[in-house]
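See structure below.
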Number of protein chains: 2
Amino acid sequence: MKVLWTQGKASVSDIQQSLKAERDFAITTISTVLQRLYKKDIVDFHKVGRQYIYKAVISEKETQASMTNNLIDQLFEGKSSVLVNHLLEEDAFEADELERLRKLIEAAQERQQLDP
Amino acid sequence: MKVLWTQGKASVSDIQQSLKAERDFAITTISTVLQRLYKKDIVDFHKVGRQYIYKAVISEKETQASMTNNLIDQLFEGKSSVLVNHLLEEDAFEADELERLRKLIEAAQERQQLDP
DNA sequence: TTTTAATTACTACATTTGTAGTATTAAAGT
DNA sequence: ACTTTAATACTACAAATGTAGTAATTAAAA
């Protein structure tokens, strides 16, 4: 998936190459997985010659959104703020990140002020 | 899992009762699942008579932490702030939540200031 | 054009997951 | 003590997941 997101589109062997460093799967393995993902409408493809070129149906952003919402619903009472709270408790941020976030939050607050 | 977290410990039929509203599983289903979780060290049990009393091995907090870190690693470059950023972009917060978060962040900043 | 190399098609197989039935045993009620 | 009930033990089975082999086909190289 990651590979498809960063490359946009890729053939089976493209993907195999990209994953090689991490793990050396048989090409048929990759092909099988892609076909299963296709059945579930997670990827789409078109053929070039006899070669399948796959691409992701949902973007990385959409996936982030849905997986995050999922996690929030499952474990954080459905509230984003509870998740952030948890992160703060864990000291999951560097000093500069905190600063950046504070600014972002202020910006978001102003946005809400204007736009009811 | 949720049930075990809120109840602390529970027998198979306790769990069945708790889930009844949501879905009516056969008692053997629940039992099987629990046993499999036990094999994976996700729950533990002790017997009272011939009855199995299960309890979660990892707390809800720990699960939150590990699943959240997982998500962050997978989808948000391993940085919590990227996740929060995403949330802000999605307008995932109410006005009062934003305000609360701003305060929390400020508090966290002060904490970091003191404690290097 | 014949050989070789790449690519897909089809098949396979073990493991995990989701769900539950049947048989047995032990406890509780009468 | 005997029967009903609750609980576990054991078994099952389909679907999903992870991984890959073999056969067939096509494109490219020689």
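Note: hydrogens, waters and symmetry copies are ignored here, and every other heavy atom, side chains too, is used. Chain letters run A, B, ... following the sequence lines, proteins first, then strands; residues in each count from 1.
Residue pairs satisfying the ring pair (Phe, Tyr, Trp, His ring centres under 6.0 Å) criterion with at least one member in residues 20-40 of chain A, sequence neighbours excluded, are listed as follows: Y38(A)-F45(A). Sorted by first and then second residue, the ring pair (Phe, Tyr, Trp, His ring centres under 6.0 Å) pairs with a member in residues 67-92 of chain B read F76(B)-H86(B); sequence neighbours excluded. Residue pairs meeting the ring pair (Phe, Tyr, Trp, His ring centres under 6.0 Å) criterion with at least one partner in residues 92-113 of chain A, sequence neighbours excluded, are absent.
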ask   = Reading nucleotides 23-30 of chain D from the 5' end, what letters show protein touch, with B for base, S for backbone sugar-phosphate only, - for no heavy atom under 4.0 Å?
value = ---SS---
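With sequence neighbours left out, E90(B) forms a salt bridge (Lys or Arg N to Asp or Glu O under 4.0 Å) with no residue at all. Looking at residues two or more places apart in sequence or on another chain, you find a salt bridge (Lys or Arg N to Asp or Glu O under 4.0 Å) between E77(B) and K79(B). Every residue two or more places apart in sequence or in another chain that forms a side chain to side chain contact (heavy atoms under 4.5 Å, CB included) with D24(B) is listed here: Q16(B), K20(B). Every residue two or more places apart in sequence or in another chain was checked for a salt bridge (Lys or Arg N to Asp or Glu O under 4.0 Å) with K9(B), and none qualifies. Scored by the side chain to side chain contact (heavy atoms under 4.5 Å, CB included) test, D73(B) finds no partners at all (sequence neighbours excluded). Judged as a side chain to side chain contact (heavy atoms under 4.5 Å, CB included), and not counting sequence neighbours, the contacts of T63(B) are L75(A), W5(B), I58(B), M67(B).
Rounded to whole angstrom, the span from the OH atom of Y52(A) across to the C1' atom of dT7(C) amounts to 10 Å. The separation between Q51(A) atom CD and dT7(C) atom C1' is 7 Å, rounded to whole Å. Rounded to an integer number of Å, the gap from CD1 of I53(A) to C1' of dA6(C) is 13 Å. Between K47(B) atom NZ and dT8(D) atom P the separation is 8 Å, expressed in whole Å.
For the pair Q64(A) and E89(B), the minimum side-chain heavy-atom distance is 4.5 Å or more.
Screening Q17(A), R23(A), E22(A) for a side chain to side chain contact (heavy atoms under 4.5 Å, CB included) involving L19(A) leaves a single residue, E22(A).
Contacts between residues 35-45 of chain A and DNA chain D, counted as heavy-atom distances below 4.0 Å, involve R36(A), K40(A). The stretch residues 15-31 of chain B touches DNA chain D through T28(B), each having a heavy atom under 4.0 angstrom from the strand.
Comparing V12(B) and T32(B) against DNA chain D, the residue whose closest nucleotide sits nearer the 5' end is V12(B).
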